[in-house]
Visitor: 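Just dropping this structure here.
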Protein chains: 2
Amino acid sequence: MPNTTYTISQLAEEFGVTTRTIRFYEEKGLVHPRREGQKRLYSPADRVRIKLILRGKRIGMSLEESVEVIDMYDPEHNNREQLQSLVCTVEDKRARLLQQKKDIEDMLAGLDEVQALCEQNLAEQGLVEKSLAEKSRAEKSVAERVRKQS
Amino acid sequence: MPNTTYTISQLAEEFGVTTRTIRFYEEKGLVHPRREGQKRLYSPADRVRIKLILRGKRIGMSLEESVEVIDMYDPEHNNREQLQSLVCTVEDKRARLLQQKKDIEDMLAGLDEVQALCEQNLAEQGLVEKSLAEKSRAEKSVAERVRKQS
DNA sequence: GTTCAAGTTGACGTTAACGTAAACGTATTT
DNA sequence: AAATACGTTTACGTTAACGTCAACTTGAAC
């Protein structure tokens, strides 16, 4: 097992955040690195937690929410009630994630349209002669389609 | 054309936000409703803008970023340079969105695992007799798989 | 031995995105 | 005319997620 621990600045660099950020996550109880003297030493498990937190952050989750998700992987749920309520929260999360996924796909489709129009427009500019009216019509079509969304 | 305008509280209710939120968006220059006397009157176009802003919010965009995306649909870009830089920003956005999409899919897969284990566990509890060791083993398997992520 | 790089603990500052409350206008319902 | 519902402006408050010092320690390097 190579390199079983990490320093704070190693992780900071790997994930493209500041050390302050990682210490902040500890303040909030998101990670609990060991200490060697007073220096922090992060385990691979700590590293994964940070990674998952940042993943959550990328899709707009609060730290609290990310922790909630991460903790679902831990077996702190013993009895029937806890398991069933866990299933419920799982389903809630899933619903929200599916909505987000749809939002992203819609937005991607919009980007495709914009880009297509840009490239078409650029191509037309390549040909020196063209009617300005035609250009204007092409430019406005996307905006109109957007306006027609219910 | 039925109901071509909306009051602030109509939109607030439709989108599940407060009127304060909508006025705040106006403060920030995101929408520019007409006025009837001093009352705000929102057009369908205003409504769509708000809708798109909230879509952006759901996937973790800042208001500024959402506006940036929305404005890409407007034809304020006339010359070659502007079109080309627009294509670049489009590609940046797309890259980020694709990353987000992957993040969401990963997270969904994780949720599937958690739920499967929960239900398996609940099923086992249905049968009165089972070894506690077995149960414990099952509960920990997800956490271990997570830990093995690079 | 000192200089340096990397770490530490406070503590206060900052920004975005609203919340909340006060004080007021206007229209209609009773 | 009094109350009710809906709207307005102004302004201060709040929370999350860090940024930004300042002042100190600690081990390694020169």
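Reminder, nothing fancy here: chain letters follow the sequence lines and each chain counts from 1. All values below were derived from every heavy atom in this structure, side-chain atoms included, with hydrogens, water molecules and symmetry-related copies excluded.
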Visitor: Starting from the C-alpha separation in whole Å, work towards a yes-or-no answer on salt bridge (Lys or Arg N to Asp or Glu O under 4.0 Å) for A:E65 and A:K57.
Guide: CA-CA 9 Å; A:E65 206 178 348; A:K57 209 181 131 184; over 6 Å; no
Visitor: Under 3.5 Å, which protein N or O atoms sit close to an N or O of nucleotides 14-17 of chain C? Give each pair with its distance.
Guide:
from: C:dA17; atom 1: OP1; to: B:L63; atom 2: N; distance (Å): 2.9

Visitor: Does the pair B:K51/B:E14 count as a salt bridge with the N-to-O cut at 4.0 Å?
Guide: no
Visitor: Whole angstrom is fine here: how far is it from CD1 in B:I22 over to P in D:dC6?
Guide: 15 Å
Visitor: Could you work out, with side-chain hydrogen bond (donor to acceptor under 3.5 Å, both in side chains) as the rule, every residue matching A:T18, not counting sequence neighbours?
Guide: A:T21
Visitor: Check the surroundings of atom CD in B:E13: do more than 12 heavy atoms from other residues, nucleotides or ligands lie under 6.0 Å from it?
Guide: no
Visitor: Of all residues at least two apart in sequence or in a different chain, which pass the salt bridge (Lys or Arg N to Asp or Glu O under 4.0 Å) check with A:R23?
Guide: none
Visitor: Is a side-chain donor-acceptor pair under 3.5 Å present for A:T89 with A:D92?
Guide: no
Visitor: Respond yes when some side-chain nitrogen or oxygen of B:T18 is under 4.0 Å from OP1 or OP2 of C:dC18, and no when none is.
Guide: no
Visitor: Round to the nearest Å and state the distance from B:I53 atom CD1 to C:dC18 atom C1'.
Guide: 14 Å
Visitor: Check this for me, if you would: do B:K28 and B:E64 make a salt bridge, where the nitrogen-to-carboxylate-oxygen distance has to be below 4.0 angstrom?
Guide: no
Visitor: Residues in side chain to side chain contact (heavy atoms under 4.5 Å, CB included) with B:Q115, at least two apart?
Guide: A:V87, A:V90, A:E91, A:R94, B:E119
Visitor: Between the side chains of A:R49 and A:D71, is the shortest nitrogen-to-carboxylate-oxygen separation below 4.0 Å, so that they form an ion pair?
Guide: yes
Visitor: Would you mind building the protein contact string for nucleotides 6-11 of chain C? One character per nucleotide, 5' to 3', B for base within reach (heavy atoms under 4.0 Å), S for sugar-phosphate only, - for untouched.
Guide: SSBB-B
Visitor: To 10°, what angle do the rotation axes through the five end pairs on each side of the helix from C:dA5-D:dT26 to C:dT30-D:dA1 form?
Guide: 0°
Visitor: Charged N to carboxylate O under 4.0 angstrom, B:D103 versus A:R55?
Guide: no
Visitor: Round to a whole Å and report the spacing from CG of B:L11 to C1' of D:dG7.
Guide: 14 Å
